[in-house]
Amino acid sequence: MLGGFPPSGKRAKHAAFLHIMPELPEVEITRRGLLADLPGRTVDAVVVRNPTLRYPLPRTLGRILAGQVLRDIGRRGKYLLFDFGSGTLIVHLGMSGSLRLVPAAEPAGRHDHLDLVFGATALRLRDPRRFGAVLWERGDVAAHPLIAPLGIEPLSAEFTADRLHAATRGRAAAIKLFLMDSHVLVGVGNIYASESLFRARIDPRTPAGRLSRERCARLVPAVRETLQAALAAGGSTLRDFMHSDGCAGWFQQHYFVYGREGEPCRACGTRIRAARLGQRSTFFCPRCQR
DNA sequence: CTGGTCACCTGGAAGC
DNA sequence: TGCTTCCAGGTGACCA
């Protein structure tokens, strides 16, 4: 598992520290890893061990996919889009899901719910908490009810200070919750929302509509830098991720505030504070973030 | 439309 | 030691 415990030596207060939590960078790294191997290959079989994810797996998945050639793998927000030409397999990793390439003969573990078998290799979905989803869309995937309402891609050129400023006008919700609303902005989960707001030096409790234009102009690159730092960290251990049996440390990161309640701010030394926003734990430096 | 809350699920940690 | 309780997370559903 992950090698690094919180630097203070105290046990991790939040078990989440030790879990894989797929936010946008993790999903994108998964996509890139699979892209190197899978496109052009044909699905020989589908093995469903447990169809009860967030939504029931399509019953006829085996019939749908057998003999189909995977053309490409895209991503929209945290959804992976496996393009088979005849339709798209939509995969969401929830909060504990992972996709790995394994020898098809490798025995499946307790939470390995689904295999797509490509010759001697299987694409294996593991998801202990089963918050993930696997869906089939035969038509226009962009029009799928889970995909169509999604907001701006934070790494795209569309994510600008002007748009963020405009979108936040009149909104009373805390900026952290606003950042995490997938209908506004995709891919930013609880961890990276706290981290991004620290980088932007903005108090996560600030009502979104009260952010000045100048603060929006700080927040946009802060979100991008946070995600890109995570991408870089994941990219460096991509090979390990794809072929080892553990998490291989690709999520191991140096958080500024997340999970660090009571520990010194890395910028000013002030104790990091915790708060609840939308029933989610939130961390911030009361001195750096105003 | 907006904002607030809940449910889903499991494993790990803390509490008794 | 072994049981119970709580909590983490993303997101759709639901409420006022």
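Below, chain A is the first sequence line, B the second, and so on; all start at residue 1. Nothing here was measured: the structure is a model prediction, and the numbers come from that model.
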I want to check one thing: is the phosphate of C:dT11, taken as OP1 and OP2, less than 4.0 Å away from some side-chain N or O of A:Arg54?
no

Per atom distances to the A:Arg110 side chain, the nearest of C:dG12, C:dA8, B:dG11 is B:dG11

Verdict with reasoning, A:Ser86 to A:Gln68, per side chain to side chain donor-acceptor pair (under 3.5 Å):
CA-CA 8 Å; A:Ser86 59; A:Gln68 297 284 318; 2.7 Å; yes

Rounded to the Å, how far apart are A:Asp127 CG and C:dT11 P?
13 Å

Separation of atom CZ in A:Phe131 from atom C1' in B:dC8, rounded to whole Å
5 Å

Please report, rounded to the nearest Å, how far the P atom of B:dC9 is from the CG atom of A:Asn50.
11 Å

Pair A:Thr160, A:Asp162 - check side chain to side chain donor-acceptor pair (under 3.5 Å), show working.
CA-CA 5 Å; A:Thr160 63; A:Asp162 282 341; 5.2 Å; no

Taking a hydrophobic cluster as the set of Ile, Leu, Val, Met, Phe, Trp and Tyr residues connected by side-chain heavy atoms closer than 4.5 Å, whether directly or through intermediates, do A:Phe283 and A:Phe198 fall within one such cluster?
yes

Minimum-distance nucleotide to A:Arg280 side chain [options: C:dG12, B:dA7, C:dA8]:
B:dA7

A:Gln279 side chain N/O closer than 4.0 Å to the phosphate oxygens (OP1, OP2) of B:dG4?
no

Using atom CG of A:Asp181 as one end and atom C1' of C:dG12 as the other, report the distance to the nearest whole Å.
12 Å

4.5 Å side-chain heavy-atom contact, A:Arg280 and A:Arg276:
no

Among C:dA8, B:dT5, B:dC9, which nucleotide sits nearest the side chain of A:Arg276?
C:dA8

Which Ile, Leu, Val, Met, Phe, Trp or Tyr residues join A:Ile90 in one cluster when any pair of side-chain heavy atoms under 4.5 Å counts as a link?
A:Tyr55, A:Tyr79, A:Leu81, A:Leu135, A:Val141, A:Leu146, A:Ile147, A:Leu150, A:Val186

Will you find, in the side chains of A:Ser98 and A:Arg126, an N or O donor that is under 3.5 Å from an N or O acceptor?
no

Can you tell me how far P of B:dC8 sits from OH of A:Tyr55, to the nearest Å?
14 Å

Tell me which residues in residues 166-180 of chain A put a heavy atom below 4.0 Å from DNA chain B, sorted by number, or none.
A:Arg171, A:Ala172, A:Ala173

In whole angstroms, how far is the P atom of C:dG10 from the CG atom of A:Leu24?
12 Å

What dot-bracket string describes DNA chain B from 5' to 3', counting Watson-Crick and G-U wobble pairs whose defining distances are under 3.5 Å, with [ ] for crossing pairs and | for pairs to another strand?
.|||||||||||||||

Student check: side-chain heavy atoms of A:His183 and A:Ile152 closer than 4.5 Å:
no

Would you indicate which nucleotide in B:dT10, B:dT5, C:dG10 comes nearest to any side-chain atom of A:Asn190?
C:dG10

Write down the distance between OH (A:Tyr258) and P (C:dC7), rounded to a whole number of angstrom.
14 Å

When the distance from NE2 of A:His111 to C1' of B:dT10 is rounded to whole Å, what number comes out?
7 Å

Check this for me, if you would: do A:Asp203 and A:Arg290 make a salt bridge, where the nitrogen-to-carboxylate-oxygen distance has to be below 4.0 angstrom?
no

Shortest non-hydrogen contact from A:Asp127 toward A:His113:
O-NE2, 2.8 Å

